[in-house]
Amino acid sequence: MKTSKKMTNLQIAELLRDVAAAYQLKDANKYKFQVIAYQRAADSVEHATSELQDLWEEKKLDDVPGLGKSLQEHLDEIFRTGKSKHFEELTKDIPKMVFELMKIPGIGVKTSMKLVKELKIKNLDELKRAISESKVAKLEGFGVDSQERISKALKEYEKKAPARMLLPYASQIASKILEWLKEDKNIEIMNTLGSLRRQVSTIGDIDFAVASKDPNYSLTHFTKYPKATRILEKGDRTASILLAGNIRVDLMAGKKESYGSLLQHFTGGKNHNVALREYALKKGLSLSDYGIYTKPGDKKSLKEISTEEEFYKFLNMDWIPPELRENSGEIEASLEHKLPKLVELQDIKGDFHIHSDFDIETSHDLGSSSMVDLVKKAIDLNYEYIAFSEHNPSKNKHNENEIIDLLKKKKDTIDKLNYSIVKDMKIRGFKVFNSLEIDILPDGKLPVPPEGMNTLDFALVSIHSSFGQPREDMTNRVLEALDNPKVKIFAHPTARKLNERNGVDLDWKKIFAKCKEKDIWLEINADPARLDLPDILVHEAVKKGIKLVIDTDTHYIDSMDNMKWGVSVARRGWCEKSDIINTRSLKDLEVMI
DNA sequence: GCCGTTTTCGGCCCGACTGTTTTCAGTCG
């Protein structure tokens with residue numbers, strides 16, 4: 001039996017976290033490891049590439065790490081009946097508000113329970129009133145400072161959690177702060193850390209590490225950053241400030257001798273570090289941001305590590321590029337010396353997704369730069385080829401013959417442009433391909449007649465409407481489009497827009513199989529607001545031997561510089577040069593198209 | 001409750017900071 005409403009992974013993760021909190025309230029000590037298990041399961045569910053309920057239907061919950069026999073039984077009950085007796089039993093005596101308050105940063109399960117129980121708080125307004133009447137400060141274990149901290153956290157929470165920053169935006173803020181840090185002459189080395197160093201597509205906090213001759217001075221210098229609106233913390237080792245827009249920035253300071261450990265520790269990701277430390281423990285080593293203890297528990301056995309290379313080498317591992325540090329197989333690969341040699345920006349030799357201003361009366365936005373300018377820019381970037389992939393001519397405004405005429409006109413123009421590049425610009429070995437970005441209509445048809453398709457060297461297809469179709473319809477829609485013989489690239493495949501719209505619901509197994517069968521290339525769209533295909537799916541595709549392309553989807557010439565963000569996604573998805581088609585030379589490529 | 005490159009039993013990452021405390025609890029990353 002199917003339950004009427006499908007539970008999303010996010011909802012399941014939240015439920016698992018609530019259960020973890022319930023165990024903590026029941027007896028934090030006794031259920032210590034259940035708490036960890038449930039939290040780990042929640043993390044794992046949140047990061048799964050498939051919807052859990054689909055995996056359950058396919059009896060593949062075993063594929064999700066952290067879900068053992070017991071949790072699978074509870075989930076099975078939830079998917080069948082809509083609830084779990086065990087979970088309900090655990091949470092039945094806990095007011096809903098306890099779980100609500102826990103969403104406020106700085107309020108954990110204990111604090112939340114105490115506020116709700118002792119002050120009888122039923123909503124956020126009542127919490128505000130309790131604060132204004134100074135009732136929180138009077139609670140045992142609380143004080144005026146705690147009350148103030150909670151008050152501030154509540155206000156920031158109510159402003160609505162800031163959306164996660166896009167990668168280029170966070171990078172830009174980071175580079176300004178690095179400039180500020182450079183003014184402190186005690187600082188010998190500095191790095192960005194955390195998700196920014198790992199080049200995650202969206203960034204929450206911005207983190208830095210420095211090696212300093214005087215860490216305390218450097219931390220103070222950091223807190224004096226002119227754009228800081230508030231100092232959140234300042235200790236001997238770390239400090240945190242807040243910038244406008246609730247952007248949290250952390251600095252970790254240490255000395256040069258142990259900088260490798262510091263850098264490694266705070267680069268994370270969390271799951272990578274946890275797995276690494278568990279592995280180290282089995283080898284009789286304890287890892288921390290200070291170094292490696294060769295006798296766990298004995299502080300004197302500390303070996304300081306100055307570089308990350310040395311850190312990993314101490315564990316008989318190869319240095320792992322930060323982009324891979326997510327505990328998705330990199331530790332095992334490193335131990336076996338089988339890490340991929342990741343693709344780099346310099347490997348890129350072309351861009352297949354560029355919108356020029358050549359007007360073919362498109363269905364969506366036209367580019368705003370001329371073909372000639374875009375070609376010149378491509379040559380500056382040392383590319384050997386680009387493809388102009390404007391949107392298809394709009395279907396409601398033209399009949400088939402008009403569409404064909406527009407496309408013939410475009411083909412002529414590009415033929416002449418290629419001639420002119422050799423003849424007038426005196427450039428050899430550069431080619432402009434004639435392509436088109438074609439809407440996949442809701443029924444899977446393409447709005448370009450065969451004669452129009454024949455004017456093209458190849459076509460990209462992508463979804464621009466009916467994003468909410470059910471999985472099966474959406475999948476069939478895409479599969480049909482990919483069957484068109486001119487289609488070579490599936491562009492921004494999930495159609496997500498970061499912070500704006502989730503990706504469409506596709507059966508990736510079927511999409512991957514079709515790509516493999518038809519030699520379709522999946523696009524990694526380098527537009528910072530898209531970064532689509534997402535890194536996790538890129539990794540899945542690479543494991544299946546599917547080829548990808550990295551494109552900028554340029555509508556204005558400067559966007560051609562966005563290629564690096566697409567490369568960061570490819571790297572996070574374990575792509576080597578050979579996985580990415582537009583690292584091929586023009587000569588190699590022409591054989592394929 | 002999960003999991004396996006010393007284990008199907010016996011482990012489970014490590015530390016900073018804050019506030020309310022005189023040695024620790026709570027929260028976070």
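Computed from a predicted model, the values in this text were never measured in an experiment. Convention: sequence-line order gives letters A, B, ...; per-chain numbering from 1.
- Spacing between dG10(B) and dG15(B) at atom P, rounded to whole Å, works out to 26 Å.
- Distances shorter than 4.0 Å separate none of the side-chain N or O atoms of Y279(A) from OP1 or OP2 on dG11(B).
- Note on E336(A): a base of the nucleic acid sits closer than 4.0 angstrom, heavy atoms only.
- Counting heavy-atom neighbours within 6.0 Å of N29(A) CG, excluding the residue itself, gives a total of 12 or less.
- Counting non-hydrogen atoms under 4.0 angstrom, H272(A) reaches nothing in the nucleic acid.
- Rounded to whole Å, the separation between the P atoms of dC12(B) and dT7(B) comes to 16 Å.
- Taking only side-chain atoms of E278(A), from C-beta outward, the nucleotide of dC12(B), dC14(B), dG1(B) with the closest atom is dC12(B).
- Nucleotides dA25(B) and dT21(B), compared at atom P, are 13 Å apart to the nearest Å.
- Counting non-hydrogen atoms under 4.0 angstrom, S240(A) reaches nothing in the nucleic acid.
- Open room surrounds NZ on K83(A); 12 or fewer heavy atoms of other groups in view lie less than 6.0 Å from it.
- Within the structure, side-chain hydrogen bond (donor to acceptor under 3.5 Å, both in side chains) contacts touching residues 248-265 of chain A (residues at least two apart or in different chains) are N191(A)-Y259(A), S240(A)-R248(A), S240(A)-D250(A), R248(A)-D250(A), K255(A)-E304(A), Q264(A)-N273(A), Q264(A)-Y312(A), H265(A)-R277(A).
- Counting non-hydrogen atoms of other residues, nucleotides and ligands closer than 6.0 Å to OH of Y217(A) gives a total of 12 or fewer.
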### Message
Does E308(A) form a side chain to side chain donor-acceptor pair (under 3.5 Å) with W319(A)? I'd like the steps, not just the answer.
### Response
CA-CA 7 Å; E308(A) 270 191 343; W319(A) 178 80; 2.9 Å; yes
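- Between F87(A) and Y38(A), the ring-plane angle classifies as perpendicular under the 30° and 60° cut-offs.
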### Contact pattern, 5' to 3', of nucleotides 17-29 of chain B - B, S or - by protein heavy atom under 4.0 Å
SSSS-----SSS-
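- Among the protein residues, L67(A) comes within range of the sugar-phosphate backbone only, with heavy atoms under 4.0 Å from sugar or phosphate atoms but none that close to a base.
- dC2(B) atom P lies 14 Å from atom CZ of F33(A), rounded to whole Å.
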